[in-house]
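Below is the structure I would like to discuss, written out as structure tokens.
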Amino acid sequence: KCFQNMAAAAQEALVSRAGKALTRVAIGGNVALTKIENGPAIVTKSSGNDAGGRLSVVVRGGPVFENQYNSGVSHFARRMAFRDNLITSTWRMDRDLTLAGIDQEGFEAGLLARKYLTYTLSGGSETVGQTASVDKLLQSILFPRFHFRDLDNLRNIIGQDEINAIWNNPMGYTRNLLTEVAFAGQPLGNPMYCPAHNIGAIGSSTLWDWWESNVSSQDLLIVASGVDHDYLVDNVVESPFLQMSNIANTKLAAAPTSQYVGGTRNKIHHKSMERDEEWEIMDNFVAVGFKAPGCDNSKDRVAATMIVSALRTALGGASAFQYADASSQVSYEPFENVGLISVVMRNGQQSCVDTVRKTIEGLGSVSADQLTTLKKAAKVELWTQSQNRAFAPELLAGDVLFAPTVPFILDGVEGQNKLVDSVTAADIARLAKEMAQNPTLVSNGGDKAALSIKF
């Protein structure tokens with residue numbers, strides 16, 4: 001009787017799909033967007049690769065929506081997808097995906113800009129957008145099962161993953177420390193990693209509270225590459241899981257915003273590596289961060305990309321011989337109303353930080369030749385980002401979510417190049433001056449030498 005009721009509900013949903021209003025938006029750069037009435041938005045981008053496709057569903061989640069009591073719940077949530085669920089057998093869904101040519105072993109779940117969770121399937125371009133794939137993703141997200149047995153297994157996995165993430169990727173860990181300091185006391189400053197004291201405290205009720213606060217079918221974003229847009233829209237609209245969801249009319253509360261704070265933090269770690277009965281000390285890592293434009297200002301965002309190019313050249317180009325044993329990573333992460341430019345250096349010394357400071361100060365007066373060079377580098381960087389979004393649609397989601405009125409990267413290469421050409425030396429000088437006023441400095445190392453480094 002239960003299955004008969006489900007079948008009747010699904011059939012009724014299919015009959016009523018004709019009443020759904022679809023809003024189609026034409027965007028440049030081979031991008032198409034459709035908004036379903038009381039349902040998700042669907043974005044597709046041509047990848048130029050007919051052999052493969054990727055399908056992602058994006059939901060709210062991450063440190064921005066966490067607090068000291070549920071910090072780390074997003075790590076559990078992103079790993080709970082594709083578990084057994086309450087309304088149909090996992091075996092049947094797995095069989096349907098296998099017959100459709102979708103390999104669940106390639107399933108990926110990631111975190112986007114500290115604010116969104118992405119669930120991605122990859123497969124052939126002819127199969128990844130079909131009903132089985134869409135139903136599997138929507139079923140896992142709209143009808144999850146947070147079973148205590150799964151949680152018990154995940155605690156051990158997450159605990160080990162957190163340890164590996166910290167020790168095996170110290171540059172990434174230092175960058176996260178930098179973000180916590182740059183946005184101290186703000187939602188963006190919440191820890192990226194699950195605190196050890198919370199791994200055992202997060203239970204089914206914590207996950208259900210998170211799900212009720214952050215998941216709504218009308219706030220979902222479905223992003224795909226290598227998939228026909230209209231074909232995907234039809235499969236989403238006709239999905240019984242979307243129609244049966246009782247959270248279709250739920251309007252989520254507005255996401256909290258953050259303000260840049262800045263400051264200094266020193267952290268000493270001792271990594272226990274046993275080798276020849278001796279203990280080795282972890283390298284010093286120094287990170288410098290600067291307030292940068294968010295996604296709400298396209299022109300300044302392009303100017304910030306030019307500043308990143310200048311920093312990369314200074315640290316990895318002609319001046320690299322000054323500290324040959326040092327490696328650096330320069331990145332720019334734009335959020336909604338604010339962004340962060342970060343420079344993370346292994347074996348960072350005072351001379352490294354001095355190079356960063358002099359580079360920022362030097363951008364206060366940019367010559368015509370320098371401006372031309374920076375514009376060329378920015379065009380290459382933006383073109384590379386555009387290509388990455390074609391093959392990784394979950395990256396495309398960030399621009400759709402953060403800048404709906406100013407698509408920026410969605411404008412295509414021609415639109416991006418126009419933005420680059422509109423940037424002046426005065427624009428770069430203004431941003432550089434603002435950055436130098438309140439930097440963020442983080443030292444994360446194995447000895448006290450890093451504590452004496454100043455900006």
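This one's a predicted model, so the numbers in the text were calculated from it and none came from an experiment. These values consider heavy atoms only, across backbone and side chains, with no hydrogens, waters or symmetry-generated copies.
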Just how far is it from atom OG of Ser56 to atom CG of Leu121, taken to the nearest 0.5 Å?
->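 These two atoms lie 8.5 Å from each other.
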With sequence neighbours excluded, residues passing salt bridge (charged side-chain N to carboxylate O under 4.0 Å, His left out) with Glu180 |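 With sequence neighbours excluded, Glu180 shows a salt bridge (charged side-chain N to carboxylate O under 4.0 Å, His left out) to Arg265, given in chain and number order.
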N/O donor-acceptor pair under 3.5 Å between Tyr332 side chain and Pro293 backbone |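 Present.
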Side-chain donor-acceptor contact under 3.5 Å, Thr424 with Asp427 |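 Per modelled atom types, Thr424 and Asp427 side chains form a pair under 3.5 Å.
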Establish, from distance only, whether the side-chain atoms of Glu333 and Ser342 form a donor-acceptor pair under 3.5 Å.
->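 There is no such pair between these side chains.
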Derivation of the salt bridge (charged side-chain N to carboxylate O under 4.0 Å, His left out) call for Asp354 and Arg357 = CA-CA 5 Å; Asp354 289 343; Arg357 176 177 50 79; 3.4 Å; yes
Spacing of CZ belonging to Phe65 relative to CG belonging to Asn214, to within rounding of 0.5 Å |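 The CZ atom of Phe65 sits 5.5 Å away from the CG atom of Asn214.
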Any donor-acceptor N/O pair, His75 side chain to Gly62 backbone, under 3.5 Å =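 Side chain of His75 to backbone of Gly62, a donor-acceptor pair under 3.5 Å: no, none is there.
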Is there a side-chain contact (heavy atoms from CB on, under 4.5 Å) between Lys433 and Leu363 once you walk through the steps?
-> CA-CA 8 Å; Lys433 182 179 179 180; Leu363 292 173; over 6 Å; no
Side chain proximity check, Leu220 to Val59, heavy atoms < 4.5 angstrom |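 Side-chain contact under 4.5 Å: yes.
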No-hydrogen, no-angle side-chain donor-acceptor test under 3.5 Å, Thr373 and Gln370 =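 On atom types as modelled, these side chains do not qualify, holding no pair under 3.5 Å.
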Main-chain N/O of Ile199 paired with Arg155 side-chain donor or acceptor, under 3.5 Å |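 Yes, the answer is positive, given that a donor and an acceptor are paired below the 3.5 Å cut-off.
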Any donor-acceptor pair under 3.5 Å from Arg114 side chain to Asn190 backbone |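 Yes, Arg114 side chain to Asn190 backbone: donor-acceptor pair under 3.5 Å.
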Tell me, please, which residues at least two apart from Asp300 pass salt bridge (charged side-chain N to carboxylate O under 4.0 Å, His left out).
->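 Arg430.
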About how many Å separate NE2 of His229 and OG1 of Thr34, when rounded to the nearest 0.5 Å?
->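 The OG1 atom of Thr34 sits 2.5 Å away from the NE2 atom of His229.
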Can you name the residues that form a salt bridge (charged side-chain N to carboxylate O under 4.0 Å, His left out) with Glu434, not counting sequence neighbours?
->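 Per chain and number, Glu434 pairs via salt bridge (charged side-chain N to carboxylate O under 4.0 Å, His left out) with no residue.
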Verify side-chain contact (heavy atoms from CB on, under 4.5 Å) between Lys115 and Phe335, making sure each step is shown before the conclusion.
-> CA-CA 9 Å; Lys115 192 172 181 180; Phe335 303 104; over 6 Å; no
Please examine the side chains of Asn337 and Gln259, heavy atoms only from C-beta on, and report whether any two atoms are closer than 4.5 Å.
->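 Yes, at least one pair of side-chain atoms sits under 4.5 Å.
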Side chain proximity check, Leu188 to Pro63, heavy atoms < 4.5 angstrom =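 Contact flag for Leu188/Pro63 side chains = no.
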Okay, side chain of Asn70, backbone of Trp210: is any donor-acceptor separation there less than 3.5 Å?
->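 No, because the side chain of Asn70 does not come within donor-acceptor range (under 3.5 Å) of the backbone of Trp210.
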Report yes or no: does Glu381 contribute a side-chain atom to a donor-acceptor pair with the main-chain N or O of Thr305 at less than 3.5 Å?
->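 Here the side-chain-to-backbone pair does not exist.
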Sequence neighbours excluded - salt bridge (Lys or Arg N to Asp or Glu O under 4.0 Å) pairs with any residue from residues 362-378 =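 For residues 362-378: none.
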So which heavy atom on Ser133 is nearest to which on Leu55, and how close?
->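 For Ser133 versus Leu55, the nearest heavy atoms are CB-CD2, 4.0 Å.
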Under the salt bridge (charged side-chain N to carboxylate O under 4.0 Å, His left out) rule, collect the residues that match up with Asp228, sequence neighbours excluded.
->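 With sequence neighbours excluded, Asp228 shows a salt bridge (charged side-chain N to carboxylate O under 4.0 Å, His left out) to no residue whatsoever.
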Is Asn176 reaching over with its side chain to a backbone N or O of Gly172, donor-acceptor style, under 3.5 angstrom?
->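 Yes; at least one donor-acceptor contact below 3.5 Å.
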Taking side chain as C-beta onward, heavy atoms only, is Tyr69 less than 4.5 Å from Asn198?
->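 The answer is no, as the side chains (C-beta and beyond) never meet within the 4.5 Å cut-off.
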Minimum side-chain heavy-atom gap Ile428-Val423 below 4.5 Å =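 Yes, close enough: below the 4.5 Å cut-off.
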Do Ser71 and Tyr193 have side-chain N/O donor and acceptor atoms under 3.5 Å apart?
->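 Side chains of Ser71 and Tyr193: no pair found under 3.5 Å.
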To the nearest 0.5 Å, what is the distance between CD (Glu336) and SG (Cys295)?
->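 Reported to 0.5 Å precision, the distance equals 7.5 Å.
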Please name the pair of heavy atoms, one in Cys352 and one in Leu315, separated by the smallest distance, quoted to 0.1 Å.
->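 Heavy atoms only, the tightest pair is O-CD2, 4.2 Å.
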State whether the side chain of Trp383 and the backbone N or O of Ala378 hold a donor-acceptor pair below 3.5 Å, judged by distance alone.
->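 Here the side-chain-to-backbone pair does not exist.
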For residues Phe183 and Val338, determine if any side-chain heavy atom of one lies less than 4.5 Å from a side-chain heavy atom of the other.
->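 Touching, per the 4.5 Å side-chain cut-off.
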What's the spacing between Phe146 CZ and Ile202 CD1 if we round to 0.5 Å?
->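 Going from the CZ atom of Phe146 to the CD1 atom of Ile202 covers 11.5 Å.
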Taking the side chain as C-beta and beyond, is there a heavy-atom pair between Thr440 and Leu178 under 4.5 Å?
->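 Contact flag for Thr440/Leu178 side chains = yes.
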Sequence-distant partners of Phe290, ring-ring contact (aromatic ring centres under 6.0 Å, His included), two or more places apart =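 Only Phe455 meet the ring-ring contact (aromatic ring centres under 6.0 Å, His included) criterion with Phe290.
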Any side-chain heavy-atom pair of Leu151 and Ser204 under 4.5 Å |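 With C-beta onward as the side chain, the pair touches.
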Which residue, Thr359, Thr355, Val288, forms the side chain to side chain contact (heavy atoms under 4.5 Å, CB included) with Leu311?
->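 Going through Thr359, Thr355, Val288 one by one, the side chain to side chain contact (heavy atoms under 4.5 Å, CB included) with Leu311 is satisfied by Thr359 alone.
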Without swapping roles, check the side chain of Gln329 against the backbone of Met345 for a donor-acceptor pair under 3.5 Å.
->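 No; zero donor-acceptor contacts below 3.5 Å.
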Lys379 side, atom NZ; Leu374 side, atom CG - distance, nearest 0.5 Å =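 Rounded to the nearest 0.5 Å, the NZ-CG separation comes out at 12.5 Å.
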